[in-house]
Each structure stands twice: as structure tokens, then as C-alpha cells.
Amino acid sequence: MGNQIGTIGYLRSYNQAIKPDRKEDFVEDNIGFPCRVVTGNKAVQSVFDIDLFKKEEFHFGVTQVRKDFSEGVCPCTLSNGKIHEKNKGFLIEVISKAYGEILTSTAKSVLSNISKWGSGPMDDFESKVLTVVADAILPNIFGKSATPFSAEEIILYSDGAIELRSCILEAIAGEDLDKTREALLSILEKMKTSERYRQLMDLGKSHGLEEKETTAQLLLPVFFNGLRGTHANLVSSFARLDTLCAEDREELREEALAALKKHGGLTREALEEMPKIESFVLEALRACPSPNFWSTIATRSTTVPYTTESGEHTVEIKEGERVYASSYWALRDPAVFDKPDDFVWRRFLGPEGEARREHHVIFHGRLTDTPAANNHMCPGKDVALSVIKGSIAILNTFFGWELQEPPVWTGTKIARGSQPDNEVKTKSFWVQRPEDLKEIFPSHFDDIRDMTTCG
Ligand code: HEM
């Protein structure tokens, strides 16, 4: 298959274009360039080995980072070797500092944003959710900026900073990057005037990074990997709530309410007492993960062993071969997830659910693994899970809504990633259990109570 046909197939059918037959886990394919597509859950574990597979600098699968938007600095995610270790070491420190207050700021962000939403239809609901994510995460990294980062500029910058790979489409005629450039400059200005900018630069220096490199690592890795990644998975998790029956929604609500009451708010102890919320969120992230792939290049010719239902296999990979691993299909591998196409929100409960975390590879590693400077696992795993679980617990417990359309996921829409094919828009939004909301979050109650209440 040629590059052109491969591109058309992938852009048209996205995950479905690489649907596996489950007999072979390293399939030769073309998704705009020749590659091995890896879809088995056990097989992707070998792709995490950074001695065998490296990142293609500046490239994410079918897309590439525009060098003029990153000042020619390769973002952490796509760097290798010693440079990756410096970048990752710095970001691990930045993100672990952000983790301390993440639940307090998540509760504050969700409730203060909701107080501005009103109860009428919200056609821009998804961008409102991005503001929630930005307000929860960014103050823990940059301190309190005089002017907060806006969802609009984050979308403009992160959409424009990435383009289709040049070998796929020579150029997208007439693309207007002026707005992207303006958004980039606005984000940079807010970063530079933020409370913690100097501290961040000093931290970068202690990891051997110059100011330009430190700034670049705070841009794409935080605003694209971090915010857009968390946003896509939160929108999906929110929409999945709509697919549950009323009894199941109530069961999740009761669990969260008891934990929030007992601990007087969204604390780490409270979240630990919400295994059902956690299982629901992990299942939402399994059913439609964002990102849905990892692209790598073989560092040397090698023989990779792997197991499928039909037994033990080996595959010969040549040096320089592109290996494109699909988390979408790895998380739907029937060898490790029973009835993978069904949304089973209790899947990650109990001892069996605990064991299944080993196969939950959304963060580029097992959920039970630890991100480190010498692996490519996501350093924002705990921050992201706290924001998503905390937001879902508050939304489902104290609020009700009706969507304009029921969500549908086909895995065919590249522009939607993990989110439902149809944009999530609300028809109405209301407060429920106002007395409990007042008891647990008194300082937010006055701002919210004017919304229509119910229950
Ligand atoms: C649910 C939300 C998130 C998911 C599913 C996710 C997933 C991932 C995945 C799969 C990778 C590896 C990408 C690759 O190798 O191609 C990655 C890398 C990364 N993520 Fe996340 N991420 C999320 C949220 C975050 C957050 C909140 C942050 C930071 C605030 C963050 C920062 C990073 C960074 C810096 C890397 C590069 C790691 C490296 O190169 O070693 N992510 N993430």
C-alpha cells in the first residue's frame, strides 16, 4: 500500500483503519508511511523498552511539531538519551511539586467555573471543561498569574503547534497561523510574568537546561501533553456518565458523597475512599484513550518475543523501522480485557480489577509502573488522574445535566481523538443535593445556589 492510500485510509477511519485480526501483533502496514502496527497488550510492553525503540524527534505518528513554534527545541516526549533525561528530570520535579495541592485546586476550579456556567444550553461545553482543567493544573505550576491562561489560546496554540507530517501532505494550503502565533505569544507572556517563572528557570538550570529550553519544555509538554490530554479524557469520562443507568449513577454518587462528607472536602483520603469512581474513570480511559498511539523507531535490528492467544511468537524488526503502537487496540485486547467493546465501569474493582491495572497502558507503561528520567512514561499520571477523578466525583454528586445528543464513540474520527464523535454540548445543567453541597463546600455555595436546583 502506498503512502497516499495509507494516509487516506488512516485519516478517514482512524483507529478502525488498523483494526487487528488478533492473530499477529506486529503487522506491516502503511498509515501515511510504512510501519509495523502493534496492537496486542503484551506486545506493546516491548515498545516501552527505550534501548530498543526510540522516539522520532519532533514527530508524533502522522503529525509533527512545528519547529517555528518550539524555537527548534524538541519537546521532552519526543527526545531521546541524555537530552530526554535532562528534560524529563526537570518536568518530573515541576509536576511532583504541582501534585501537592492538586485536589484543592481541582475542587476550587470545578466549583468556581460552574458558578459562571448558568443552567441554560452550553454549546461551548468542551471548551469550558478545558478552562476547568487549566485552572486546576496551571496555578500549581506557574503560581497565580495576574491574568489566567484562557481555553481559547490553549486550543489555538496546541492545535497550531502540531501539523500533519510533511511526507503525508506537502502543505496545507492557506492555513492561517497568525492566531496560533498570537496565542503562543500570549501564553509566553503569561508564563514570563507568572509568580514562579524565575523559580522554574532556576530549576531548569539545575537540570542543565538553558532558559529557552526550559521555556520550551513548559510549553508543549504542559499545554499539549498535559492540558489537552487531561481535557480529552475528562470530556470522555463526563460523556460516559451519560451511558450509565440511574441506579449506577446513584451508586457512584453515594460513594463520593460519603467520602467527601467524612473528610470535609476533596482530599487525598477522600479520593482513596472512592474505588468506584476510580474504576469508572479507568474504564473510560481504557475504552477510548487519549493519546491513542505511541510512535517509535527501532534503534537496532532485533528479535522481539511476544504472546498472542495462539501462543509464543517472535518478530524480526529491522534497524530504523517505524513501530506504531496503538493504545486504543492494546486496551481492547480480548486476551487481557474480557468483552473489550463493552463499557464495564466495575472492571477495575476488587482484587481482579487491581490485577488488571497491569494491562492498563494509557500512560505509556503499566498503571503500576513509575515514570522516570530513563523511561517515557507520563510524569503527569497522578496529577491527571486526580483532576479527572476529583472532577467526576464533584460533577456527578452535586450536579445533573441533559446533553443535547447522546454520546457515540466509533473510533473513526481523528479530529475527536478519545472524545465522542459528536461534540459534547449540554441542553441544561442544574444543582442537586444543595444541602450537601452547602455543608461540604460552603464557600462556593452562595455563588452556585442561584442555578436551578433539583433533588
Ligand atoms: C489523562 C491525561 C494524560 C494522559 C492519558 C497522558 C498520557 C501520556 C503518554 C501516553 C505519554 C507518552 C507519549 C509518548 O511516548 O508518545 C505521555 C508523556 C508525557 N506526559 Fe502525559 N498524559 C496525561 C496528562 C499529563 C499531564 C497532566 C502532564 C503534565 C502536567 C503530562 C505530561 C507529560 C510529559 C511531560 C510527557 C513526556 C514524558 C517523556 O517523554 O518521558 N501528561 N503522557
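In listed order, ligands and their atoms are each counted from 1. Since this is a predicted model, take the numbers as computed values, not measurements. Both backbone and side-chain heavy atoms feed into the values below; hydrogens, waters and symmetry mates do not.
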Handout entry: For Met191, the option from Ile141, Leu218, Leu138 that meets side chain to side chain contact (heavy atoms under 4.5 Å, CB included)
Key = Leu218
Practice task
Could you tell me if any non-hydrogen atom of Gln217 lies under 4.0 Å from any atom of ligand 1?
Solution key: no
Handout entry: Interfacing atoms of ligand 1 (cut-off 4.0 Å, heavy-atom, Trp294)
Key = 10 (C), 14 (C), 16 (O)
Exercise for the section: Report, in ascending order of atom number, the atoms of ligand 1 lying under 4.0 Å from any heavy atom of Leu91. Expected result: 35 (C)
Exercise for the section: Could you tell me whether Arg268 atom CZ has more than 12 heavy atoms of other residues or ligands within 6.0 Å of it? Expected result: yes
Exercise for the section: Determine the sole option in Asn375, Ile83, Thr77 for which the side chain to side chain contact (heavy atoms under 4.5 Å, CB included) test with Lys88 is passed. Expected result: Asn375
Handout entry: N/O separation below 3.5 Å, Ile141 to ligand 1
Key = no
Practice task
Could you check atom 33 (C) of ligand 1 against the protein and tell me its nearest heavy-atom contact, residue, atom and distance included?
Solution key: Pro379 CD, 3.5 Å
Exercise for the section: Verify the ring-centre separation between Phe53 and Trp294: is it less than 6.0 angstrom? Expected result: no
Exercise for the section: Would you indicate which of Thr77, Val47, Val281, Ile50 comes nearest to atom 37 (C) of ligand 1 when only heavy atoms are counted? Expected result: Thr77
Handout entry: Where ligand 1 meets Asn375 - atom numbers and elements under 4.0 angstrom, heavy-atom basis
Key = 41 (O)
Problem - Under 2.8 Å: N/O/S of Cys378 next to atom 21 (Fe) of ligand 1 - result: yes
Exercise for the section: Could you tell me whether Glu152 atom CD has more than 12 heavy atoms of other residues or ligands within 6.0 Å of it? Expected result: no
Practice task
Have a look at His84, Lys381, Glu85, Glu56 and point out the one with the heavy atom closest to atom 39 (C) of ligand 1.
Solution key: His84
Exercise for the section: Can you sort out which atoms of ligand 1 are near Ser290, meaning under 4.0 Å from one of its heavy atoms? Expected result: 4 (C), 5 (C)
Fill in the blank from the handout: Among non-hydrogen protein atoms, atom 2 (C) of ligand 1 lies closest to Ala384 CB, 3.4 Å
Problem - Over 12 foreign heavy atoms within 6.0 Å of NZ, Lys42 - result: no
Problem - Test item, Lys55 contacting ligand 1 (heavy atom, 4.0 angstrom) - result: yes
Problem - Residue and atom name of the nearest protein heavy atom (relative to atom 1 (C) of ligand 1), distance in Å to one decimal - result: Asn233 ND2, 3.3 Å
Handout entry: Test of ring centre spacing under 6.0 Å for Phe125 and Trp117
Key = yes
Exercise for the section: Establish, yes or no, whether a centroid distance under 6.0 Å links the rings of Phe224 and Phe60. Expected result: yes
Practice task
Distance to 0.1 Å, residue and atom name: give those for the protein heavy atom nearest to atom 32 (C) of ligand 1.
Solution key: Pro221 O, 3.8 Å
Problem - Aromatic ring pairing His376/His364, orientation class (parallel under 30°, perpendicular over 60°, tilted between) - result: perpendicular
Handout entry: Numbered atoms and elements of ligand 1 in range of Ile362, under 4.0 angstrom, heavy atoms
Key = 5 (C), 7 (C), 10 (C)
Practice task
Flag the pair Lys97 and Glu93 as a salt bridge only when some basic side-chain nitrogen lies within less than 4.0 angstrom of an acidic carboxylate oxygen.
Solution key: yes
Fill in the blank from the handout: Taking only non-hydrogen atoms of Thr230 and a 4.0 Å limit, the atoms of ligand 1 in range are 2 (C), 24 (C), 27 (C)
Exercise for the section: Among all protein heavy atoms, pick the one closest to atom 26 (C) of ligand 1 and tell me residue, atom and distance. Expected result: Gly226 CA, 3.2 Å
Problem - Minimal non-hydrogen separation, Tyr324 against Gly61, with atom names - result: CE1-CA, 3.9 Å
Handout entry: Proximal candidate to atom 40 (O) of ligand 1 [heavy atom criterion; set Arg228, Met377, His376]
Key = His376
Practice task
Decide side chain to side chain contact (heavy atoms under 4.5 Å, CB included) for Lys389 and Met274; before the verdict, give the C-alpha distance in whole Å, the side-chain angles of both, and the deciding distance to 0.1 Å.
Solution key: CA-CA 9 Å; Lys389 288 188 292 185; Met274 298 184 202; over 6 Å; no
Handout entry: Within the 6.0 Å centroid threshold, strictly below: His360 and Phe348
Key = yes
Problem - Heavy atom of the protein closest to atom 7 (C) of ligand 1 (residue, atom name, distance) - result: Pro291 CD, 3.7 Å
Practice task
State whether the shortest distance between N or O atoms of Lys88 and N or O atoms of ligand 1 falls below 3.5 angstrom.
Solution key: yes
Exercise for the section: Kindly say whether the aromatic ring centers of Phe293 and Tyr328 come within a distance under 6.0 Å. Expected result: no
Practice task
Report yes or no: is the cationic atom of Lys190 (NZ for Lys, CZ for Arg) under 6.0 Å from the centre of the six-membered ring of Phe142, at an angle within 45° of the ring normal?
Solution key: no
Problem - Any Val222 heavy atom less than 4.0 Å from ligand 1 - result: no
Problem - Sub-4.0 Å heavy-atom approach of Leu234 to ligand 1 - result: no
Completion exercise
among protein heavy atoms, the one nearest atom 4 (C) of ligand 1 is Phe363 CE2, 3.4 Å
Handout entry: Numbered atoms and elements of ligand 1 in range of Ile388, under 4.0 angstrom, heavy atoms
Key = 1 (C)
Completion exercise
For Ile95, the ligand 1 atoms with a heavy-atom partner under 4.0 Å come out as 29 (C)
